[in-house]
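Quick note: numbers below take in every heavy atom, side chains included, and nothing from hydrogens, waters or symmetry partners. Remember, it's 1-based here, ligands and their atoms both numbered in the order they're listed. Just so you know, these numbers come straight off a predicted model, no measurement behind them.
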Amino acid sequence: MKIALIGNQNSGKTSLFNLLTGSNQKIGNWPGVTVEKKSGYIKKTEHELIDLPGIYSLSPYTNEEKISRNFLLEEKPDLIINIIDATSIERSLYLTTQLMELDCKIIVALNMCDLLEKKGLTINEEVLSKQLGVDVLKISALKKKGINELVDFINKENFTKKSKQIYEPTIEEAITEVSKNLKTDNKRFISVKLLEQDEDFANKNLNNAKVSKNIKKIEEKYSLDTEQIIASQRYNFVEKVKKACVIESPKKQTITDKLDKVFLNKWLAIPIFVGIMALIYYLSVGIVGTYTVDLVDAGVTWVSDNVSTLLTNWGASDWAISLMCDGMIAGMGAVLTFVPQLIILFICISLLETTGYMSRISFFFDKIFKKFGLSGKSLIPFILGAGCSVPAIMTTRTIEDENEKKATIMLTPFIPCSAKLPIIALFATYFFAHSWLVTASLYLLSIVIIIISAILLRKFIYKGKSNTFISELPEYKLPSFRYVARDVFEKSWSFIKRAGTVILMCSIIIWLLVSFDWTFTYGVDVNDSILADIGNCLAWIFYPVVGEYNWAVTVSAIQGLVAKEQVISSMAVIAGLAEEVTEGALIFSSTGIFGFFNPVSAYAFMVFNLFSAPCFGAIGAMHREFGSAKKTWFAVLFQTGMAWVLAVIINLVGSLIMLL
Ligand code: GDP
Ligand code: MG
């Protein structure tokens, strides 16, 4: 049999389709349009299943409606599975009233039945089946309930189809009269379309005189045009059906409802959310951060010193010791410094997740995010992104809509991650009197840029409106400590592993480039190193950003690709200072290589580092989620291009203002 799967958007078509067909799918586009076409065979059967686009009606106003309608009329499937969201059947049944008019057999699959009880709804499917004259089965595509029964039912091929009169007598009579002379299939459907004066049929000259006579009769009686009358009578029918088969019992107030009154309160939700986030950053970046960064730094220095002594005693050469200490240990150490605060951050966020708060607040933000093409599901990556983009990008997996997911992956690194904080801290405190104001302005800027980019991306590149739909909200519950422990361990471990792989490799490369010149002589002055030459070649890129042709700035910014915190340690090293001295006064001394910085170029440089491509670790995560090198390159170029344009604008406008 050829079976068409049809229903509203977000009714669960794709979920059911995947369940029924398994891996047995063909995906392409409908001929001539970019609407996705999916078909496959129901597991262990000969039945072909076609996933039609999500629609609300069979009037041909949109591409999707046209495709579905043409498919049903021309390809003549043997069976329609009309999937309906059981929690709001009045919205779905409008389409059903139109499907009922086709000659095709229909099964109504009442999906999302797992949610009925929670919503205090009871649906009597026998009554519904009688009202519609077709078979009704209850299923849950998410919980995989009723799926075997559905397949068995299809296999029996014993379907009910009673023709139902759903309009008032005047219209029913007109339908009968018009359909009498038709010599096609789907007589009832086409008669209704003719009465509605649907262009596709009216032009085909199907006994025009009789149709016009009947239209006139109807319009005289109701003094409205036929299309409106027919639509309104369909709604009346749907209303009547719903009354007959749905019982709404008043819901009990649960603890979740009570908590929602506070946490999702119209006025309180956002202040509480901001408060919670501020507290988390105060705990992790603030308290734990300031305390542990020095501690880990001391540990790394201790290891580095001891390894150096040990290697010296073994008679290792200078370059080997430098490779080990300045390259490998320093590079990995710079990343490991952030582990304690990340652990705290991961614990807090994991707690928000297991208690259900995160999902519920995403739901609250859903409406706001939909305005610029994203959905509440993008909120979680953005929050996580403030800690580290890597786990943040990984959580975009929960977004089903491919284009929305891609836009979110691309925008997540725009949130200043914890490794970008040292850059902000250094520049903001040295160049500005009110450094907190500058920091706050940068966070605000990142929000504005995310919104603008989201709108642009969704309009021109990852086109579409968000139709991600949060259908199931978990209740609030006490946190599960086992879950938190495992989650935090996994995330922290993957972060640490990163230090041992990507970062290690890049640190070695950077060390090689800083330590050698083109003749491969070791120990050259940093100004003569390969890296300086590379920096000189690329310095023009940064000229408009900082207003100075300077290889050192270029090289430092490029090192942000290894790890963002690398930018300032690189500046410290290049400034000719001993190891990790990152005090602004020393780095920016007027005689030094970075002496040219002023508040404007400092702000522009911070902005460039904040928005340009993230570190290799995060680029790797983007690559995993995009599943394509081309898309990853595009994202990296988009981010860096955006960063550059912004920084140049800031430098230009800022310099002009300073001149006035
Ligand atoms: P489509 O737009 O019709 O293809 O719908 P999808 O299959 O993409 O489903 C939309 C959303 O509803 C997804 O978030 C699904 O996880 C969810 N969903 C689908 N079926 C069920 C169900 O039976 N119960 C619940 N609670 N959610 C479901
Ligand atoms: Mg779908």
Notebook entry, point to check: So, does Asn8 sit close enough to ligand 1 that a heavy atom of it is under 4.0 Å from the ligand?
Noted result: yes
Check: Relative to each other, are the rings of Trp30 and Phe71 parallel, tilted or perpendicular (30° and 60° limits)?
Finding: perpendicular
Check: Which atoms of ligand 1 have any heavy atom of Ser140 under 4.0 Å away?
Finding: 22 (C), 23 (O), 24 (N)
Check: With the threshold set at 4.0 Å, does a side-chain nitrogen-carboxylate oxygen contact exist between Lys370 and Asp366?
Finding: yes
Next item on the list: Could you tell me which atoms of ligand 1, counted from 1 in the order shown, lie closer than 4.0 angstrom to a heavy atom of Ala141?
Entry: 20 (N), 22 (C), 23 (O)
Next item on the list: From the options Lys43, His47, Glu48, select the one residue that forms a side chain to side chain contact (heavy atoms under 4.5 Å, CB included) with Thr45.
Entry: His47
Check: What residues form a side chain to side chain contact (heavy atoms under 4.5 Å, CB included) with Ala244, not counting sequence neighbours?
Finding: Val127, Gln131
Checklist line | From the candidates Asn10, Thr14, Asp401, the one that places a heavy atom nearest atom 4 (O) of ligand 1 | finding: Thr14
Notebook entry, point to check: Counting from 1, what ligand 1 atoms have a heavy atom of Asp114 closer than 4.0 Å?
Noted result: 22 (C), 23 (O), 24 (N), 25 (C), 26 (N)
Margin query: Is there a side-chain contact between Thr412 and Thr395 in this structure, where contact means two heavy atoms from C-beta onward sitting under 4.5 Å apart?
Written below: no
Next item on the list: For the pair Phe159 and Phe153, name the ring-plane relationship: parallel under 30°, tilted 30 to 60°, perpendicular over 60°.
Entry: tilted
Check: Does any N or O atom in Lys13 lie less than 3.5 angstrom from one in ligand 1, N or O only?
Finding: yes
Check: Is Ser11 in contact with ligand 1, taking contact as a heavy-atom separation below 4.0 Å?
Finding: yes
Note to self: Would Ile139 count as being in polar contact with ligand 1, using the rule that some N or O on each side must be under 3.5 angstrom apart?
What the structure shows: no
Notebook entry, point to check: With a 3.5 Å cut-off and no angle check, do the side chains of Tyr476 and Asp260 form a donor-acceptor pair?
Noted result: yes
Check: Leu115 to ligand 1: N or O pair under 3.5 Å?
Finding: no
